[in-house]
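Input: a single structure, listed below in structure tokens.
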Amino acid sequence: MAPWSDRARDVALARTAEASTGGAAPPSTDAVLVPRSEYARLLHDVRVADDRLAEAQNRFQRLVETMPGVAYIAQPGEDGEWLYISPRLVELLGYEPAEWLADPTAWIGLTHPEDRERVLADEWQWSQRTGGVHTAEYRILASDGEYRWIRDAATARPGHGPDAKALWFGVLSDVTESKEAQAASLRSEQLLRSVLETAEDAFVALDAHGAVIEWNRRAGLVFGRAREDVLGCDLVTLITPHRVRPSDALRLHELLSTGSVDAPATREEITAVRADGTAFPAEVTVWSTGVGSSVRHNTFIRDITERTQLRDELKTLAFQDDLTGLANRTSFCGHLERALRRDDADASTVAVLFLDLDDFKTVNDSLGHPAGDEVLRVVADRLRTLVRPTDTIARFGGDEFAVLLRAVAGPEEATAAAGRLSLMLRDPFMLQGRRIVVSVSVGVALAGTHEGALVTALLRDADAAMYQAKRSGKNTCVVYDPLMHVQALARLNLKADLETAVLHGELFLVFQPYFAVAGGALVGFEALVRWQHPTRGLVGPADFIPLAEETGLIHPIGEWVLQEACRHATAWPAAPVGGRRPTISVNVSAVQFQDPDLIATVSAALRDTGLDPHRLVVEITEGVLLHKVDQVVTRLHALRELGVRIAIDDFGTGYSSLSYLQHLPIDVLKIDKSFVDQLGLGADDSSMAKVVIHIARTLGLQVVAEGVERREQHQALDRLGCDLAQGYLLARPLVAGDAATLCAGPLP
Ligand code: C2E
Ligand code: MG
Ligand code: MG
């Protein structure tokens, strides 16, 4: 500060002297005699000038000290020094001006090591010229131990005198905050850049005209185009060549041009094209941002090939049956609904055929599920070849199929179609070396017969008709009749009533005898259950045993039958001829046979009634043998150990092999009625009954013919060497009293 005020005074004094002498040599107090009055005036002037000067200096100093930043005057170079630094240095860096001025090189020691070299090089270069404003930014260590970012803006002015060095007049200001903000924004920009570079989606930024300005690594991979090749190119032309994909080009163009700045992102699926010309489904997400007065479009482009494939697969899965490739129920219902909507144009109508394979469970149980699946595929293929392209075939699951026939004239045409289908399906084919014959029960429902023709109503009715077809002996076709609906409801009610049937004592047994074919002696009785329903009257087992199996009521019912049958049998006397007491056969259903308590139930019945175990025969159907084989064999042995004998009922309808039967502990084969029916018609020697009798002989089993209705059948059985016969020809099922009477001698 001192040199500054001395000089100012020198200048001021010189100017004052010049004015008084008219521009002559500088005044000398010794040489010039000035009159006293003049001297006084001069002295006064000098004092006034001095005061003005002091005041100007004061103002100037105040200005320097109040302005933001720290002003300084310095002489650069190795022997340079700080000539002045304003007091705000304390605020800026926490140092007193005096200590700063005292050590000319201290500042460089305080400069951040990373900035030092740059600052010195800069200073040297700049000190070579004068004029202009030079700015530099660097960090200086403040007295609190923290670095501050300083902006140093200085200008060089030549010094006075021939050898005088240039002086620097500068201002230091604190730019730490803006520097940090700058660094932070740089960091976040770098972060954004690295995120976009590593993004799993292609990121492409476009200028207001749609030209590419950013193209990340992924975009390069997705489109097979390098960044340098696409910068400046029009994106729409690049990825949706108008010539190839005009509609996609238009959609992408619209997507890019409709988004306004800061509006939410918009998204569109298009088909995009790679550099090699291959196309792929892409999802384009666009959002626009303002850059100054212009706009920038940012896009994420995702290759959605996998997602689209998955979506298509799901769509297929949702509407297609996996096993056969036919439509599934959902899809069928959709077709049906559409068909019904269109079905008023002419006299024709829509028909639904509901197909259920007969005895499919037997195929599954005896040949295994893979074979069952194969049968279903064969059925599907045959159905496909039979229906018209306008018709729809579906598999509803299990062994249920449905066919939708459009433009059907009436029930006759629908049943004719059903007839053709079932005939074609019956055509035998080979599977695992066996000849398989598939028969179906078909239910038919026509739209015209329904009010409103609702999809669900139509399906329900076709189902009810199919159920009816099953009941009336399978391998048939039944057209829906409103009465069936009533029957279906009745079945539901029956189920509910069955709950209390045992408790209320509504069940009773009848006994159908069986006799030796040769000689006709009474050998035993088969117990057959009946239900005396309080309002419906007599209900047969075919009507309620399946319901009992569905509800689990078969267990208490089966237990009751066993107890009741054994109890009756104990009272029967020995037959007068032959002297043996009749055996009692009890039917055990498949569900009942799975019951782990079966052995306990049977032995309890024997114990409770005191029946000789050898007089009890348990009848199971062939199907039972084919399911969970190990468990079945164990159970059969356990029954045998009780002394009970085992008969296979309805034999010949399943697929059990001879070698398999050989290893099972069984005693009796009962030839199914359907085979007995064919006897006495002239082909007995090639009959199935003959085969079964032969098998029984081979295995040392007793053989019984069921359902013998005609004398010729009985004669044939005699000839073929069948042991026992049962059927209406010989005796109908008898009430308990009649059975007991029969034991004593032939009924009157
Ligand atoms: P199933 O064991 O094969 O019994 C033979 C069925 O054929 C009986 O019918 C019998 O009345 C009938 N039948 C006998 N001879 C002739 C004939 O010459 N012509 C005709 N058309 N039919 C004849 P039902 O009593 O109606 O029994 C049907 C089926 O219900 C039985 O077939 C059996 O599987 C089952 N069932 C009967 N009672 C019981 C039972 O107490 N428990 C179980 N689980 N099932 C039973
Ligand atoms: Mg039976
Ligand atoms: Mg039978």
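Here, residue 1 is the first one in the sequence, and each next residue gets the next number. Just follow the structure's listing: the first ligand is 1, and inside any ligand the first atom is 1. Below, all heavy atoms of this structure are taken into account, side chains as well, without hydrogens, waters or symmetry copies.
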Review point. Less than 4.0 Å between a side-chain N and a carboxylate O, is that true for Arg377 and Asp381?
Key: no
Check your understanding: Between Lys470 and Asp358, is there a side-chain N and carboxylate O pair less than 4.0 Å apart?
Key -> yes
Point to revise | Sub-4.0 Å heavy-atom approach of Arg530 to ligand 1 | key: yes
**Study point:** Lys670 near ligand 1 by a heavy-atom separation under 4.0 Å
**Key:** no
Study note, to complete from the structure: Under 2.8 Å from the Mg ion (ligand 3), the protein N, O or S atoms found are Asp649 OD1, Asp650 OD1, Glu706 OE1, Glu706 OE2
Work out which heavy atom in [X] is nearest to a heavy atom in [Y]; give both atom names and the distance.
{"X": "Leu522", "Y": "Phe515", "answer": "CA-CD2, 3.5 Å"}
{"X": "Val510", "Y": "Pro733", "answer": "CG2-CB, 3.6 Å"}
{"X": "Arg530", "Y": "Leu538", "answer": "CB-CD1, 4.0 Å"}

Revision key, fill the gap. For Asp650, the atoms of ligand 1 under 4.0 Å from one of its heavy atoms are 3 (O)
**Study point:** Where ligand 1 meets Gly727 - atom numbers and elements under 4.0 angstrom, heavy-atom basis
**Key:** 15 (N), 18 (O)
Check your understanding: When you measure from the Mg ion (ligand 2) to each N, O or S atom of Glu526, which atom gives the shortest distance?
Key -> OE2
Suppose the criterion is side chain to side chain donor-acceptor pair (under 3.5 Å): which pairs have a residue in [range], not counting sequence neighbours?
{"range": "residues 716-732", "answer": "Gln512-Gln726, Glu526-Gln726, Lys670-Gln726, Asp684-Arg719, Arg697-Asp723"}
{"range": "residues 412-428", "answer": "Arg426-Asn475"}
{"range": "residues 701-711", "answer": "Arg710-Glu712"}

Practice item. Examine all N, O or S atoms of Ser585, backbone included, and report whether one is under 2.8 Å from the Mg ion (ligand 2). Key: no
Which heavy atom of the protein is the closest neighbour of [atom], given with residue, atom name and distance?
{"atom": "atom 46 (C) of ligand 1", "answer": "Asn587 CB, 3.7 Å"}
{"atom": "atom 19 (N) of ligand 1", "answer": "Glu709 OE2, 2.6 Å"}
{"atom": "atom 18 (O) of ligand 1", "answer": "Tyr728 N, 2.8 Å"}
{"atom": "atom 38 (N) of ligand 1", "answer": "Val529 N, 3.2 Å"}
{"atom": "atom 5 (C) of ligand 1", "answer": "Glu706 OE1, 4.0 Å"}

Any [X] side-chain heavy atom under 4.5 Å of [Y] side chain:
{"X": "Leu729", "Y": "Gln713", "answer": "no"}
{"X": "Gln592", "Y": "Ile557", "answer": "no"}
{"X": "Leu636", "Y": "Ile620", "answer": "yes"}

Review point. Looking at ligand 1, does any of its N/O atoms fall within less than 3.5 Å of an N/O of Ile554?
Key: no
Review point. Short N/O distance, under 3.5 Å, between Gln512 and ligand 1?
Key: yes
Check each of [options] against [atom] and report the one with the nearest heavy atom.
{"atom": "atom 31 (C) of ligand 1", "options": "Val591, Ile545, Leu528", "answer": "Leu528"}
{"atom": "atom 36 (N) of ligand 1", "options": "Ala647, Pro541, Ala548, Pro733", "answer": "Pro541"}
{"atom": "atom 2 (O) of ligand 1", "options": "Asp649, Ile557, Leu509", "answer": "Asp649"}

Point to revise | Val510, portion touching ligand 1 at heavy-atom distance under 4.0 Å | key: neither
Review point. How does Lys673 reach ligand 1, if at all, at less than 4.0 Å between non-hydrogen atoms: by side chain, backbone, both, or neither?
Key: side chain
Point to revise | Heavy-atom donor-acceptor pair, Asp321 side chain to Thr324 backbone, under 3.5 Å | key: yes
Review point. Does the separation of the ring centres of Phe354 and Phe396 fall below 6.0 angstrom?
Key: yes
Check your understanding: Is the Trp572 ring parallel, tilted or perpendicular to the Phe525 ring (thresholds 30°, 60°)?
Key -> tilted
